[in-house]
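Below is one structure; the comments refer to it alone.
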Amino acid sequence: MFVPVSKPFLNEDEHRLVLEAVRGGMISGSGGNFIDTFEKKFADFCGVKYAVTTTSGTTALHLAMAILGVGPGDEVLISTFTNMATFFAVLYQGAKPIPIDCESKTLNLNPQLLEEKITSKTKGIIVVHIYGHPVDMDPVLEVAKKYNLFVVEDAAEAHGARYKGKMVGSLGDIGCFSFYANKIITTGEGGMITTNNPDFEKRAKILKSLAFGDNDKFMHQYIGYNYRMTNVQAAIGCAQMDKINDIINRKRNIAKFYLENLKDIKCIQMPVEESYAFNVYWMFNIILKDKLSGKRSLFMKELKRRGVETREDFVPFNQQEIFIRQGLTKPEDCPVVNSFFKDGLYIPSGTDITEEELRYAVEQIKEVVNSLCI
Ligand SMILES: *Cc1c(COP(=O)(O)O)cnc(C)c1O
């Protein structure tokens, strides 16, 4: 038996729409119906007025920073525990990212730590809904309002997650999503910006397509980018949108299975769902603790030998050697993340994982825990 961490959830629907796009000759990012349709479906799903496709989650984040006018001399507060793409987006604009430490249960940014990091240079906040659990947004929005800061949501792992009933991607000024192959829904590679601000939508559409001129096309308006998703990718996205609620249900059922069947297990911290949250459990992340702390590589190796694939957690910003060397951060900046990231990993959470595979994974995890938690 081999149980992968994740694999894309595709069937005839994707095949049919991709073929339709290719047969119609509409394969670029500058034509074809699937791009508009995907954007419309995604905006409706998130409960926002506008959605704009991009080539990745990373370029969605960069576009958001460009739209918001982030530049040299600005500071942006960001959850330290994330894919480094969130930080790169700010660095591409020549601005300075400031890492914010986590809450120990949700692993999301701790809103109580924001205010002390605000300076006259602070321009905004990027929250990350990590592993599909929404950030506690009200205190974040309150601080943002008090200091006149923008709020960008990195929702790359959290399509369909809700905070107090409201969809992520609709809570801040701009939401950024990824459709990489292992995300909640996929287009292979791809991304999306969501917003209710017509001005942001307009700027996103101009900047993502080389900022071509209005009347004289090749008289460019600004320094633009080519962040255009292709119509072929958008065709996959349209097919995925028809199953997004099914996918989220499956993710929640996987989590329910693990939570029930691993509930008495020792030495492991499990994911939570706070009272304000609807968690989409993108990946089921566990943290080794007590006698298992420090044994992650052994734990993963032993599971791999038994055919259960796992993946280690992100290395947070405050531990990245290149940024420490550049003087942008130091490990001590975020003590809470330091206490868990080396012990964190996620276990098989693929959308179409079977009950048999889940049972097998649980059995193997229990055995490995019993052998190592001594
Ligand atoms: C995947 C991911 C990204 C980057 O998205 P890509 O589509 O891979 O560029 C950014 N932030 C988070 C939190 C992610 O998980």
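Counting starts at 1 for both ligands and their atoms, following the listed order. Reckoned from all heavy atoms, side chains included, excluding hydrogens, waters and symmetry mates.
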For D352 and K7, what are the C-alpha separation, side-chain angles and deciding distance, and is it a salt bridge (Lys or Arg N to Asp or Glu O under 4.0 Å)? CA-CA 8 Å; D352 61 357; K7 67 176 194 285; 3.6 Å; yes
Can K217 be said to sit on top of F212's aromatic six-ring, NZ or CZ under 6.0 Å from centre and within 45° of the ring axis? yes
At less than 4.0 angstrom from any non-hydrogen atom of [X], what atoms of ligand 1 do you find?
{"X": "V128", "result": "13 (C)"}
{"X": "S178", "result": "5 (O), 6 (P), 7 (O)"}
{"X": "G57", "result": "5 (O), 6 (P), 7 (O), 9 (O)"}
{"X": "T82", "result": "13 (C)"}
{"X": "S56", "result": "7 (O), 9 (O)"}
{"X": "T58", "result": "4 (C), 5 (O), 6 (P), 9 (O)"}

Side chain, backbone, both or neither: which applies to A156 and ligand 1 if a contact is any heavy-atom pair less than 4.0 Å apart? side chain
Which residue and heavy atom of the protein sit nearest atom 11 (N) of ligand 1, plus the separation: D154 OD2, 2.8 Å
Between [X] and [Y], is the gap from one ring center to the other below 6.0 Å?
{"X": "F179", "Y": "H159", "result": "yes"}
{"X": "H129", "Y": "Y163", "result": "no"}
{"X": "F323", "Y": "F317", "result": "yes"}

Counting both backbone and side chain atoms, is some N or O of E157 under 3.5 Å from an N or O of ligand 1? yes
Check whether any side-chain N or O of T122 sits under 3.5 Å from a backbone N or O of T119 as a donor-acceptor pair, and report yes or no. yes
Check whether R203 reaches the backbone of L68 with its side chain - one donor and one acceptor, N or O, closer than 3.5 Å. no
Restricting to heavy atoms, the pick from H129, M283, H62, K183 nearest atom 14 (C) of ligand 1 would be K183
